[in-house]
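In what follows, a structure is listed as structure tokens, so that the remarks can point back to it.
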Amino acid sequence: MGSGTWILALLVLQSVFDGIYGLEQEVNRRTERISGSAGDVLEDDPVGRLKVFVYELPSKYNKKILHKDPRCLNHMFAAEIYMHRFLLSSPVRTLNPEEADWFYAPVYTTCDLTPSGLPLPFKSPRMMRSAIELISTNWPYWNRTEGADHFFVVPHDFGACFHYQEETAIERGILHLLKRATLVQTFGQRNHVCLKDGSITIPPYAPPQKMQTHLIPPDTPRSIFVYFRGLFYDVGNDPEGGYYARGARASVWENFKNNPLFDISTDHPTTYYEDMQRAVFCLCPLGWAPWSPRLVEAVVFGCIPVVIADDIVLPFADAIPWEEIGVFVAEEDVPKLDTILTSIPIEVILRKQRLLANPSMKQAMLFPQPAQPGDAFHQILNGLARKLPHDEGVFLKPGQKILNWTAGPVGDLKPW
Amino acid sequence: MKMSLLQNQISRRGSGGGYRPLDAGGGAAQTDGILRSPSALFWIVLHGLCCIISLVLGFRCSRLVFFLLFSSPSTFTTSSTATVFTSAPILHTTTTTMTTTTTTTTTTTTRTETLALSLPTPPPPPPLAEASLAVANKTRSRVVVGRHGIHIRRWPHPDPEEVVRAHWIIERVQREQRLQHGVRTPPRPLIVVTPTYVRTFQALHLTGLLHTLLLVPYPLTWLVVEAAPTGVPSNDTAAFLARSGLPYLHIRFPELVPDNWPDRRLTEARMRLRALRVVGERRMDGIVVFADDSNVHSVDLFDEAQKVKWMGAVSIGILAHSGRTEAVGDPELSEEEDKEGNSPVPIQGPACNSSGDLVGWHTYNALPHTGAAFVGAGKTMRAAKMEWAGFVLNSRLLWREAEGKPDWVRDLDAVGEDGEEIENPLALLKDASFVEPLGNCGKKALLWWLRVEARYDSKFPPGWAIDSALEITVAAKQTPWIDSPPELPSEMMAIDQDMFGMKFSRKSMPSWTSHISHDKEKHDSSSVDADQN
């Protein structure tokens, strides 16, 4: 009888576990866990893993600028402002700079807007330089490491190169004083001057409430094959053609304007977000810079992003395995885009949709107010935490100087 | 983001004729120095030759020759799709203000590029010019800034195979979506009950209904009850059902369907009851959906039907009148209709309170100026004239014994036996308040009730095929036949026309326009007149 009861107990346990496993299978059928090259780190909690000290800069660097132009809160570079606000009230903030691992200086460099809303980067290098001079004179922590344990948020087109035109940005290079600091930026392209090693790439800011209000029921069938809305030719800035998007967008238009599978146009429909939720693939080609908010929108709405930008570095590339989630097409392969997309095996497509349906994936792309666990703020902190502990090169020996405070274009040296 | 390229355009030239020579000697070579050395002279001559050639051809040829002579052959790849450039690619541009920079070609006019060259990456800049590039060229990136060609393939039109594959992908994605967000439990089979009878539009209606049913993704059995008085075969229907591809049951109902609307309604109800009895006798398992052959169904109806536990009600839109001037609704509504031109469509269906429980019914009363009426659930609904199509049942309600069968259901055998007329399916229940509202509590109209019929006495060829020759043949007037007798007099043709006109007037042609919705109750008065003429 003893063995009988053991067998019975085993059977009961097995059925219980099968039940639980079956439930998990049910959940897993809809989504899949996401783990990138750094492991399964999307849901890590940065609290307790690092401490950040926020410099109290005079308000002319942040609050006054925002007060002058509150449009900065809604454009795609608003991450710098929201990151500051998040850090001020976050549990990782420490008021004791001696125990801090990372230092943050809130400078809103992208908030000088034209009347039409485009940011002017001309004063940004001087503003940043002035802020760094301030923190290096008032606190000893900059000189201790010459900025190697400081991080800055520079979400502009080409990051800390502070220019909107690629050639000028390449020529300027990253601001010399930021040579050792960690940069948190939206721009990412391999082997490019404006992306330094160790930078953290973040998604551009997309308003989360606006996207939430445009959600449609998830059982609405996806009937559009490829969807894109945006410019193909930028006649204002590129009248000859061939410069904008390195010709890739124009190529998309010329090759696929007659193709009924491609719903592409330059319209601005009011149902843009709803249409994305009815599409299987959403094109995310480069524009003047390789990144765009379309990637964020595609991820939030479950549309597989088709990234057409050579050598691009996508946000949180070590935490999110983008090759498994999106489709990457080389710019020279754009004429074959329809062949490429229709020849993807269906299991791969369904798996990508399952990965996109993972709520932690969507959460990682957003900057919600107030911050929620797993969102882009936490991913930035996770990225910073993964860079700890600092290696020996960070702390300078006494008397050692690396930065040249007079390097860079002459115009940058003027005080701000 | 981009303001203007004005400052860059200083270093670029976009004109056709004027371009700078980018010779290997470096731009800094002096002109007198050029004339002195014979190699430079050779370059001048070559350059002049290229000038003339490009004037003739219309695109820059010197650049190409330069590439051909000095670039490594590995950069030439002829792709199989023969990418055509609208403009020749350009060297790596530098943004220095030095003058040894590249120029652009005469772009848009050169679409007739014959060389199928594809140069995805321009060759590295010539070594002697590198001094000027040293400052800017920190990157060894594959991706270069500057002007790129716009790749257009030779036939930029969709490939039909790819279109088919894309549609297959879309269909598979939608199936997956439905699996994940749709019906959870294993889908139950459906039993679709359709009363029909032989008439002009029967084939039309049945074909439409068949196509709807073919789209339903659940296993389904089609019960077609056909009113055929014995002796009049309806082989067409049998043949149609056999061809349809669905599992079906063809039930013959030995009565004739009357012509006037109220009686027809009751006969149809009896036909449906007959089908329900068959379901009960055979103990068929599934969900019974009433699909009249002339109604329009949404495929979502069948998805909603899966959710029913015992008996459910959905909202039907009643498309009773299209464009008739006699108003359907209240006098206020009729004024609105005249002003706006679109009348509100009455809906029959369940009504719920805010917590989703059934509190009453929206019914359609066809009497003029009454329109949709709300009837509370407490009242007995047996006498309300409601359409059967708005209800779905679990077939176990019809079995004689079934476990779990609720006690608020009447026994099917007791229904309709003692001559009572069944107005609506709520007669099957003892208590109508147990009906479940479906379709987002009746807010979604999942099907549309429509009666479009020809005159009752219209003649139509069986099977809609004219096999035998017609009684009259009239020569075509427009195109003279080659072998037609040329001496056909016009008087003969006129006589023929008259005969044609007369003969066909005696047969009653189906007059579609004046007798649409021939069978609504409110037109009893008018339709009776029509019937009697």
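Computed from a predicted structure; not experimentally measured. Each chain gets a letter, A, B and so on, in the order the sequences are listed, and its residues count up from 1. Both backbone and side-chain heavy atoms feed into the values below; hydrogens, waters and symmetry mates do not.
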Looking only at heavy atoms, what is the nearest atom pair of Ile169(B) and Leu341(A), with distance?
-> CD1-O, 4.1 Å

What's the spacing between Asp219(A) CG and Arg178(B) CZ if we round to 0.5 Å?
-> 10.0 Å

Gly146(B) and Tyr243(A) have their tightest heavy-atom pair at C-CD2, 3.6 Å

Between Glu166(A) and Val145(B), is there a donor-acceptor pair closer than 3.5 Å when you use the side chain of the first and the backbone of the second?
-> no

Winner by heavy-atom pair count (cut-off under 4.5 Å) against chain B, out of Val226(A), Leu350(A), Ile224(A), Val252(A) | Leu350(A)

For residues Arg147(B) and Gly241(A), report the shortest heavy-atom separation together with the two atoms involved.
-> NE-O, 2.6 Å

What is the distance from atom CG of Asn259(A) to atom CD of Glu162(B), rounded to the nearest 0.5 Å?
-> 8.0 Å

Residue pair Gln174(B), Ser223(A): steps toward the side-chain hydrogen bond (donor to acceptor under 3.5 Å, both in side chains) verdict = CA-CA 8 Å; Gln174(B) 289 183 0; Ser223(A) 45; 4.8 Å; no

More than 12 heavy atoms from other groups under 6.0 Å of NZ on Lys196(A) | yes

Ser116(A) versus chain B, heavy atoms under 4.5 Å apart: side chain, backbone, both or neither?
-> neither

Between His167(B) and Leu261(A), is any pair of side-chain heavy atoms under 4.5 Å apart?
-> yes

Would you mind reporting whether Trp253(A) and Ile150(B) have side-chain heavy atoms less than 4.5 Å apart?
-> no

Does Arg153(B) use its side chain to pair, donor to acceptor, with the backbone of Val334(A) at less than 3.5 Å?
-> no

Glu176(B)/Gln353(A) under side chain to side chain contact (heavy atoms under 4.5 Å, CB included): CA gap, chis, key distance, verdict = CA-CA 10 Å; Glu176(B) 187 73 20; Gln353(A) 291 194 317; 5.6 Å; no

For chain B, find which of Gly247(A), Ala245(A), Pro221(A) contributes the most heavy-atom pairs closer than 4.5 angstrom.
-> Pro221(A)

Where does Phe262(A) contact chain B at under 4.5 Å (heavy atoms): side chain, backbone, both or neither?
-> neither

Under 3.5 Å, is there a donor-acceptor pair between the side chain of Ser251(A) and the main chain of His151(B)?
-> yes

Minimum heavy-atom distance between Arg246(A) and His148(B), given as atom pair plus value | O-CB, 3.3 Å

Turns out that what part of Trp155(B) lies under 4.5 Å from chain A's heavy atoms comes down to neither

For Asn258(A) and His157(B) the tightest heavy-atom approach is ND2-CE1, 3.2 Å

Short side-chain to backbone donor-acceptor contact, Asp338(A) and Asp159(B), under 3.5 Å | no

